[in-house]
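Following: one structure in structure tokens, then a few remarks.
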Number of protein chains: 2
Amino acid sequence: MSGSEIRRTMPLFPIGIVMQLTDLTARQIRYYEEHQLISPARTEGNRRMFSLNDIDLLLEIKDLIDQGVNLAGIKQLFSSKEKQVVTEEMQKEAKKVRRELSDDELRKILRSELTQAGRFNRSSLRQGDMSRFFKS
Amino acid sequence: MSGSEIRRTMPLFPIGIVMQLTDLTARQIRYYEEHQLISPARTEGNRRMFSLNDIDLLLEIKDLIDQGVNLAGIKQLFSSKEKQVVTEEMQKEAKKVRRELSDDELRKILRSELTQAGRFNRSSLRQGDMSRFFKS
DNA sequence: TTTTTATGTTACAAAACCTAACATGGTGTT
DNA sequence: AACACCATGTTAGGTTTTGTAACATAAAAA
């Protein structure tokens with residue numbers, strides 16, 4: 001785990017501070033936890049302790065609630081955003097690999113990109129896509 | 001405009017057929033139009049006529065409604081999905097690039113994909129079983 | 001045409017979701 | 001102990017979504 005990740009997940013704030021930071025009531029914060037949009041840590045005395053990540057999530061929740069999105073919708077948006085992060089990271093990786101290719105290969109790819117431009121197809125990562133690289 | 005796009009946007013079905021195709025009530029369909037999740041065409045006599053695209057949208061709406069997402073949430077998901085489609089397109093393109101690479105380079109990418117997948121979807125892939133394919 | 005069926009709009013009510021308000025009791029500090 | 005802070009539960013009220021009904025118009029069938 002990286003240092004910044006530790007900093008972002010370290011339990012730091014009691015609920016009173018979080019109320020001030022987010023402009024949410026304690027009731028709201030507990031309600032969002034009850035519905036598993038956040039998972040703050042607990043002290044030995046059962047007090048909630050919130051990390052910076054929790055604060056970020058709560059601010060996003062607040063935004064979406066203000067736009068009328070309900071908790072089920074926020075849950076969906078959060079999980080679809082994780083996928084987005086994944087694809088963005090893959091995209092970064094693909095770019096890196098591409099940088100290591102020869103000009104010749106690059107031209108081939110570029111040409112296929114152009115011919116495929118404007119095509120939107122549903123595709124997700126499946127294990128089957130990788131199976132040919134593994135022996136069973 | 002491409003031929004398939006014309007086919008997908010051509011007004012074809014009256015609301016009665018759409019009810020059967022989607023298992024939604026007329027009331028629901030009209031309500032979703034009222035809140036601008038769909039925009040079916042109209043005949044001269046003011047009847048709604050739905051395209052294949054409209055049907056797809058309604059099926060997605062139905063799915064999300066079944067999961068408890070409200071209309072504001074669906075609206076957000078639809079607009080965030082446009083971005084998602086773009087990244088999926090890039091992902092698909094990344095796959096194509098990958099196909100043209102040596103297996104050695106491929107394993108590098110694959111490993112980064114697996115660590116990403118493991119971060120969010122621990123149950124679907126067992127990273128441990130595959131680690132023997134990668135050099136540390 | 002006349003009759004029947006499908007669809008349009010509007011209004012009212014029920015159910016579910018989210019928040020606020022309050023009560024009761026636990027935790028921690030001084 | 002006194003006091004502030006926090007946890008949990010209950011109740012009530014506003015909003016969103018859907019069902020239902022009433023009535024008008026369009027399209028199809030007779």
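Letters A, B, ... mirror the listed sequences (proteins, then strands); counts begin at 1. Just so it is clear, the values below take in all heavy atoms, side chains as well, and ignore hydrogens, waters and symmetry mates.
Judged by distance alone, the side chain of Gln28(B) and the main-chain N or O of Thr25(B) form a donor-acceptor pair under 3.5 Å. Distance alone, capped at 3.5 Å, is enough to place a donor-acceptor pair between the Lys75(A) side chain and the His35(A) backbone.
Rounded to whole Å, the distance from OH on Tyr31(B) to C1' on dA15(C) is 13 Å. Protein atom CZ of Arg30(B) is 6 Å distant from nucleotide atom C1' of dG8(C), rounded to whole Å. Put simply, CG on Asn70(A) is 14 Å from C1' on dT19(C), counting in whole angstrom units. Separating the CG atom of Leu24(B) from the C1' atom of dT7(C) is a distance of 17 Å, rounded to the nearest angstrom. Look at CD on Glu33(A): it is 17 Å from C1' on dC18(C), rounded to the nearest Å. Taking atom NE2 of His35(A) as the reference point, atom P of dC17(C) lies 9 Å away to the nearest angstrom. Between the CD1 atom of Ile29(A) and the C1' atom of dT19(C) there is a distance of 13 Å, rounded to whole Å.
The phosphate of dT19(C) (OP1 or OP2) has no side-chain N or O of Thr25(A) nearer than 4.0 angstrom. The phosphate of dC18(C) (OP1 or OP2) has no side-chain N or O of Gln28(A) nearer than 4.0 angstrom. One finds no side-chain N or O of Tyr32(A) lying less than 4.0 angstrom from the OP1 or OP2 phosphate oxygen of dC17(C).
Of all heavy-atom pairs between Leu37(B) and Phe78(B), the closest is O-CE2, 4.4 Å.
For Arg7(B), the CZ atom sits in a loose shell: 12 or fewer heavy atoms of surrounding residues, nucleotides or ligands are nearer than 6.0 Å. When the shell of 6.0 Å around CD of Gln36(B) is examined, it contains 12 or fewer heavy atoms from other residues, nucleotides or ligands.
The nucleotide range of DNA chain D contacted by chain A, defined by atoms under 4.0 angstrom from heavy atoms of the protein and reported 5' to 3', is dC5(D) to dT10(D).
In terms of position along DNA chain D, the nucleotide closest to Arg27(A) lies nearer the 5' end than the nucleotide closest to the other residue of the pair Leu71(B) and Arg27(A). The 5' end of DNA chain C is approached more closely, in terms of each residue's nearest nucleotide, by Arg48(B) than by the other of Gly68(B) and Arg48(B).
Atom CG of Leu77(B) and atom CG of Leu71(B) lie 11.5 Å apart (nearest 0.5 Å).
Looking at Asp56(A) and Arg8(A), a side-chain N of the basic residue comes within less than 4.0 Å of a carboxylate O on the acidic one, giving a salt bridge. A salt bridge links Arg42(A) to Glu33(A): at least one charged side-chain nitrogen sits closer than 4.0 Å to a carboxylate oxygen.
There is a path of hydrophobic side-chain contacts, each under 4.5 Å, that joins Ile55(A) to Met19(A).
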In B/S/- notation (B base, S sugar-phosphate only, - none; protein heavy atoms under 4.0 Å), nucleotides 25-30 of chain C written 5' to 3' is -BBS--
